[in-house]
Asker: 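Would you mind keeping the following structure in view while I ask a few things?
So that the names make sense, note that chain A is the first sequence line, chain B the second, and so on, each numbered from 1.
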2 protein chains.
Amino acid sequence: MDLDVRRLRVLHEVALRGSVTAAAAALHVTPSAVSQQLVQLSREAGHELVERAGRGIVLTPAGQVLASHAREVLGAVEQAVAGLAALRDGVSGTVRVGAFASAAGALVARRPPAPGRSTQSWTYG
Amino acid sequence: MDLDVRRLRVLHEVALRGSVTAAAAALHVTPSAVSQQLVQLSREAGHELVERAGRGIVLTPAGQVLASHAREVLGAVEQAVAGLAALRDGVSGTVRVGAFASAAGALVARRPPAPGRSTQSWTYG
DNA sequence: CATTTTTACGACCTTCGTAACGATG
DNA sequence: CATCGTTACGAAGGTCGTAAAAATG
């Protein structure tokens, strides 16, 4: 039981758009896939996350709580991806820090890695 | 490409323990599985994350950066799980907020949900 | 009856362990 | 040569789409 990112994204999208169909369209999958992921996620979470309301669905309180946490997780993942992209573009990194020290410093508004330390993580982007 | 939580946990464990074998033991899987997950993760990340150093391995700078972000993601997931557990134990939730208002207030050291709002997330545990 | 969600089912993909191999001190 | 990491490969499990069914206004 690991609360997979993919499933959390599904829940987030359902919460955001208010329907399985709309979430499926946004995620470029079928409503069937979204529905199945929700079943699996609620099994993992130990709570019913959505319930039918008329022709659509609404999130249960547990679903709203988990959706809120899902946004945190997705944000952290997004930051990780941004960190890798920054690394790829040479904003950070061992070798290029010296070459781009001043430019990087202005860009990130943070101190560059201390000399002698081969790597250091700081705010990028 | 979604930077799966399971794979980030593998990287974190490798970073923490300094070897594939030790990480595999901690995760109750074989070194083969850890090695394959690292290959897949580095493919997704677009960076080499580890490199052989003598008989063991060391993280590359990119690996260290991603491992740092992995800790953020894992922390967020952990909070989500804690949130669900708290919900299951009745610390939060729509119906029980009124009944346990003062106890919950003391327990969480935060204001309880405003009356009239059916749900609200705040610090628990 | 149109729309939305869910379920049954099969094809495809992923992941793991075993076993063999390669690398290193 | 003992130990650590990687690769080949097959079995087991997971995920998705199609199609059919169920629910609702």
Side-chain angles (χ1 to χ4, degrees), chain A residues 1-64 66-67 70 73-74 77, chain B residues 1-64 66-67 70 73-74 77:
Chain A
M1 197 264 283
D2 224 353
L3 292 185
D4 185 44
V5 171
R6 165 134 32 76
R7 278 193 263 269
L8 291 179
R9 194 182 304 276
V10 166
L11 179 64
H12 167 68
E13 214 60 49
V14 168
L16 187 67
R17 303 179 188 276
S19 90
V20 171
T21 303
L27 294 167
H28 306 103
V29 295
T30 62
S32 171
V34 170
S35 180
Q36 293 177 68
Q37 293 287 356
L38 285 178
V39 168
Q40 188 65 28
L41 183 57
S42 66
R43 190 163 296 165
E44 291 173 357
H47 292 276
E48 294 295 321
L49 301 175
V50 299
E51 55 185 15
R52 298 198 65 143
R55 206 180 336 206
I57 59 169
V58 293
L59 270 67
T60 64
Q64 293 179 19
L66 186 54
V73 173
L74 294 173
V77 169
Chain B
M1 196 264 285
D2 223 352
L3 290 185
D4 185 43
V5 171
R6 164 127 38 72
R7 278 193 261 270
L8 291 179
R9 194 183 303 278
V10 166
L11 179 63
H12 167 67
E13 213 62 48
V14 167
L16 187 67
R17 303 180 188 276
S19 89
V20 169
T21 303
L27 295 168
H28 306 103
V29 295
T30 62
S32 170
V34 169
S35 180
Q36 292 177 67
Q37 294 286 358
L38 286 177
V39 168
Q40 189 64 29
L41 183 58
S42 66
R43 191 163 294 165
E44 290 173 358
H47 291 277
E48 295 294 321
L49 301 175
V50 299
E51 54 185 14
R52 300 198 65 146
R55 205 177 339 202
I57 58 168
V58 293
L59 271 68
T60 63
Q64 293 178 19
L66 185 54
V73 174
L74 294 174
V77 170

Asker: Pick base, sugar-phosphate or nothing for A/Gln37, based on heavy-atom distances below 4.0 Å to the nucleic acid.
Answerer: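 Touches sugar-phosphate only.
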Asker: Does C/dC16 have its OP1 or OP2 closer than 4.0 Å to a side-chain nitrogen or oxygen of B/Arg6?
Answerer: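 For C/dC16, OP1/OP2 do have a side-chain N/O of B/Arg6 under 4.0 Å.
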Asker: Determine whether A/Val77 and B/Val5 make a side-chain contact, defined as any pair of heavy atoms from C-beta on separated by less than 4.5 Å.
Answerer: no
Asker: Can you find a heavy atom in the side chain of B/Val10 that is under 4.5 Å from one in the side chain of B/Leu41?
Answerer: no
Asker: Is there, by distance only and without an angle test, a donor paired with an acceptor across the side chain of A/Ser35 and the base of C/dT7 below 3.5 Å?
Answerer: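 Checked by distance alone, the answer is no.
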Asker: Does B/Arg55 have a side-chain nitrogen or oxygen under 4.0 Å from the phosphate oxygens OP1 or OP2 of D/dA2?
Answerer: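 Indeed not, no polar side-chain atom of B/Arg55 lies that close.
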Asker: What's the shortest heavy-atom distance between A/Leu11 and A/Ala67, and which atoms?
Answerer: CD2-N, 3.6 Å
Asker: Starting at CD of B/Gln40 and ending at P of C/dC13, how long is that distance when rounded to a whole Å?
Answerer: 14 Å
Asker: Grab the CD-P distance between B/Gln36 and D/dG10 for me, whole Å please.
Answerer: 14 Å
Asker: Would you indicate which nucleotide in C/dT5, D/dC4, C/dG17 comes nearest to any side-chain atom of B/Ala33?
Answerer: C/dG17
Asker: Rounded to the nearest angstrom, tell me the gap between atom CZ in A/Arg9 and atom C1' in D/dT15.
Answerer: 17 Å
Asker: Heavy atoms under 4.0 Å, any strand shown: does B/Val29 hit a base, just sugar-phosphate, or nothing?
Answerer: sugar-phosphate
Asker: Starting from P on D/dG17, measure out to NE2 on A/His28 and report it in whole angstrom.
Answerer: 12 Å
Asker: If you define the side chain from C-beta out and look only at heavy atoms, does anything of A/His12 sit under 4.5 Å from A/Leu74?
Answerer: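 Heavy-atom side-chain distance check passes, below 4.5 Å.
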Asker: Please tell me which of A/Val50 and B/Val34 maps to the more 5' nucleotide of DNA chain C, matching each residue to the nucleotide holding its nearest heavy atom.
Answerer: A/Val50
Asker: Using whole Å, report how far CD1 of B/Ile57 lies from P of C/dA23.
Answerer: 17 Å
Asker: Does B/Thr21 place a side-chain N or O at less than 4.0 Å from the phosphate oxygens OP1/OP2 of D/dG5?
Answerer: yes
Asker: Can you check the A/Asp2 CG to C/dT15 P distance for me, whole Å?
Answerer: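 Rounded to the whole Å, the gap is 13 Å.
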Asker: May I have the distance from B/Arg43 (atom CZ) to D/dT6 (atom C1'), rounded to whole angstrom?
Answerer: 13 Å
Asker: Between C/dT15 and B/Arg7, is there an OP1 or OP2 to side-chain N/O distance shorter than 4.0 Å?
Answerer: yes
Asker: Roughly how many Å is it from CD in A/Glu51 to P in D/dA23, rounded to a whole number?
Answerer: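 Spelled out: CD on A/Glu51 to P on D/dA23 is 16 Å.
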Asker: Relative to the 5' end of DNA chain D, which residue comes earlier, A/Asp4 or A/Ser32, by the nucleotide with the nearest heavy atom?
Answerer: A/Asp4
Asker: The test is side-chain contact (heavy atoms from CB on, under 4.5 Å); show your working for B/Glu44 and B/Gln40 and say whether it passes.
Answerer: CA-CA 6 Å; B/Glu44 290 173 358; B/Gln40 189 64 29; 4.0 Å; yes
